[in-house]
Number of protein chains: 2
Amino acid sequence: MNAIGKRTTIDDLAKSLGLTKSTVSRALNDYPDISEATRLRVRHAASVQNYRPLSHAQAIKTGRVRSIGLVLQVSEHDGHRPFLANFLAGITEGAALHDWTLTLATASSTTDTIRLLEKLSQERKADGFILPRTYLQDRRIDALRNGHVPFVLYGRTEDIAECAWYDIAGETAMQEAVAELFRLGHRRIGFLPGGEGYNYTKLRTEGYLEGLAQAGLSQDPALIGPNAVNKQQGADATQKLLLQSEPPTAILCSVDHAAIGAYDAIRSCGLEVGKEVSIIAYDGVPEGAVLNPQLSTYAVDTKHAGARLAELLIRRVRGEAAQTLREIGNARFLDRGSHGPCLLTSNDLAALIKLKSDHREE
Amino acid sequence: MNAIGKRTTIDDLAKSLGLTKSTVSRALNDYPDISEATRLRVRHAASVQNYRPLSHAQAIKTGRVRSIGLVLQVSEHDGHRPFLANFLAGITEGAALHDWTLTLATASSTTDTIRLLEKLSQERKADGFILPRTYLQDRRIDALRNGHVPFVLYGRTEDIAECAWYDIAGETAMQEAVAELFRLGHRRIGFLPGGEGYNYTKLRTEGYLEGLAQAGLSQDPALIGPNAVNKQQGADATQKLLLQSEPPTAILCSVDHAAIGAYDAIRSCGLEVGKEVSIIAYDGVPEGAVLNPQLSTYAVDTKHAGARLAELLIRRVRGEAAQTLREIGNARFLDRGSHGPCLLTSNDLAALIKLKSDHREE
DNA sequence: CCCCTTGCCGAAACCGGTTTCGGAAATTTG
DNA sequence: CAAATTTCCGAAACCGGTTTCGGCAAGGGG
């Protein structure tokens, strides 16, 4: 840290070397018309004198502030909230590799988000943006695409024109989960979709259906619950699925938080999670490890996602084509206690639920 | 969002008004030597043409980028991790009130943190910093103080020279908790301190001791467990306290995560949380609401803290004295199920624990 | 030996704002 | 009505870098 008012400028550095600032600048930025000897001499002096160019002074000519923009929508149901620290760590570390930083803002609505994206890009607080939690139809994407502002999606979307992205293959996870449950003997497998309008909801649902198809199981609308993204909705949806004439013996949840509610619903039917009813979910939130039994779920490496997104965005800003900047990763299955072999047929399960229910009413 | 290459500069704006850019600049920045009529005319045109000054172009002359710096240490035991989203939302909203933004970085160690603080301040990616989770002796503070870089603490510290801060009075919470437990009949009240070296640990311990003193209870070193900041440590520490000849009938935990472990320890002694042993903790993490019974704890309004810190830092950067920028808030007690009336004397509790233990061994 | 490259660096323009300074016009004062 | 202020705006310097352009000197080829 420099003493107050003692910062060394490029002029100071140049003077101390007997060069002009233009030479120094070119030496530091690896221009080819600077001799190797001079380049080394300049680098050394810069390091000794602890010279660091002011990023905004550079930006005025280069047009780049070397900053990634991220606008978080906090009102939103936030499955990713628990991962936020990791996500941000991933982004900042990925950014640091290229000497970039992260500029963060929070918004309360989509309209507010777009307002901030415009403001931040016009004031050049950021050179481009990472858009988390993409929708099938995403107004943020339209706005940025329209304004020719570089961006990268965390997730995919419907209209992929000009879009770069990193995403986790949630559809693959759901498909595998169905296969696993089928292997364990389950024949009626329920499904709770995620948030309305999100792209991931569509993909995970497709994965579930594809899994059924591959297992040779027929689709049954009665097995697909309403959207559920939190504890309450998860509990309600699960209860609805269980109180049917042919209830599922296993339920697949698009998000962990819904699964937490599913636990409650299953218990209040007098059943045990992982025994009479199996649960597999997706996300890998920390609460899952506190549950009893621990939640079997597909965990996402959010930190790695952040790092990849940073890398992709920087390359996008530097001019690479969006089409060449698209990556997909996989979730990792945490095989824990909330799922197991199918113990009862659907009919027996229905009978048991009815029995317990009648018993309670007496 | 502007079409590509179509951004309006201050010169464009000036030309369209028949003025010079110096006049326009002063009009927009409320200089007194601009007539009211001109000021309005300029403002109106700026708004119509959607003019937004480039922040880095402003910064080159003003020296300020209007950005708050925050370096998070991710390796650290992270009690604040669950609150991160709220904390960041608070900061960014507080910053937005003055048209500032947040620049975020993450570090893996204290040394790394200091390196980043220096780098960010020297490159002027930020005008000042918020330092979360303060230590009694904090190298970050030394570095920034030494470099005359503005900063604000989230927490307090030992050497308060040049320090501004916002903090929650954890000591008051602990003191109140002791009073509450005393009122419920508890006479032997245990305590688990928090992380080693943190300033909050000292304060909360003092609060606990002060609570004892005010209740007329004597201090007993056997009632103070080892530091505990996570589930495992909380479980170990609690077990140690309970397996004594005169165990506590209530335990106060400095952090919620330790309390989560305490639940396990109490259960494995064959006891029930909130019945034979009461627990009160501090933080208000979301996991506390998932526990059974729900955790009684002092919740911190992290979002508000963030907003206050942003406000204080901005005023600090603008030159207000550190001494005038010190605020303390209070935690809010969540009266839930993990504490209740004292049911057993310490001796009876010890006997019960021994009984259950012997029973298990057979 | 001369000309033509090539290598290397200095001079100066430039980026888009802010701020200082000076002066003309309008207004007030004597 | 002249003189002294005010009011208000233009001209130009400035901030700290980057980038373009031009030219000198050394080296190579004919």
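All figures in this text were calculated on a predicted structure; none of them were measured in a lab. Within every chain, numbering begins at 1; the chains are lettered A, B, ... in the order of the sequence lines, protein sequences first and strands thereafter.
With sequence neighbours left out, the salt bridge (Lys or Arg N to Asp or Glu O under 4.0 Å) criterion links B:Asp11 to no other residue. Here A:Arg43 pairs with A:Asp30 under the salt bridge (Lys or Arg N to Asp or Glu O under 4.0 Å) rule; sequence neighbours left out. When the side-chain contact (heavy atoms from CB on, under 4.5 Å) test is applied to B:Ile328, the partners found at least two apart in sequence or on another chain are B:Arg156, B:Trp165, B:Asp167, B:Ala169. B:Asp12 is linked by a salt bridge (Lys or Arg N to Asp or Glu O under 4.0 Å) to nothing, counting only residues two or more places apart in sequence or in another chain. Among residues two or more places apart in sequence or in another chain, the side-chain contact (heavy atoms from CB on, under 4.5 Å) test is passed with A:Thr113 by A:Val71, A:Gln73, A:Ala107, A:Leu117, A:Arg140. A:Asp301 meets the side-chain contact (heavy atoms from CB on, under 4.5 Å) test with A:Lys303, A:His304; sequence neighbours excluded. B:Gln137 pairs by the side-chain contact (heavy atoms from CB on, under 4.5 Å) definition with B:Glu158, not counting sequence neighbours.
Partner of A:Leu153 under the side chain to side chain contact (heavy atoms under 4.5 Å, CB included) criterion, chosen from A:Thr134, A:Leu312, A:Leu309: A:Thr134.
Within the structure, the side chain to side chain donor-acceptor pair (under 3.5 Å) test picks out the following pairs touching residues 52-64 of chain B (sequence neighbours left out): A:Gln122-B:Arg52.
Between its opening and closing five pairs, the helix from C:dC1-D:dG30 to C:dG30-D:dC1 changes axis direction by 40°, a value rounded to 10 degrees.
Using a 4.0 Å cut-off between charged nitrogen and carboxylate oxygen, A:Arg39 and A:Glu36 count as a salt-bridge pair. Using a 4.0 Å cut-off between charged nitrogen and carboxylate oxygen, B:Arg145 and B:Glu162 do not count as a salt-bridge pair.
Non-hydrogen atoms lying under 4.0 Å from DNA chain D are contributed by A:Tyr51, A:Pro53, A:Leu54, A:Ala57, A:Gln58, A:Ile60, A:Lys61, A:Thr62, all within residues 51-63 of chain A. Residues of residues 23-32 of chain A that place a heavy atom closer than 4.0 Å to DNA chain C, in numerical order, are A:Thr23, A:Arg26.
As a whole-Å value, the separation of A:Ile10 CD1 from C:dC9 P is 15 Å.
The residue B:Ser22 sits close to a base: some heavy atom pair falls under 4.0 Å.
Counting 5' to 3', DNA chain D first comes under 4.0 angstrom of a heavy atom of chain A and last does so at the ends given by D:dG16 to D:dC21.
Without hydrogens or angle criteria, B:Asn146 side chain to B:Asp142 main chain gives no donor-acceptor distance under 3.5 Å.
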**OP:** Show your reasoning for whether side chain to side chain donor-acceptor pair (under 3.5 Å) applies to A:Thr103 and A:Ser67.
**Re:** CA-CA 6 Å; A:Thr103 293; A:Ser67 173; 2.8 Å; yes
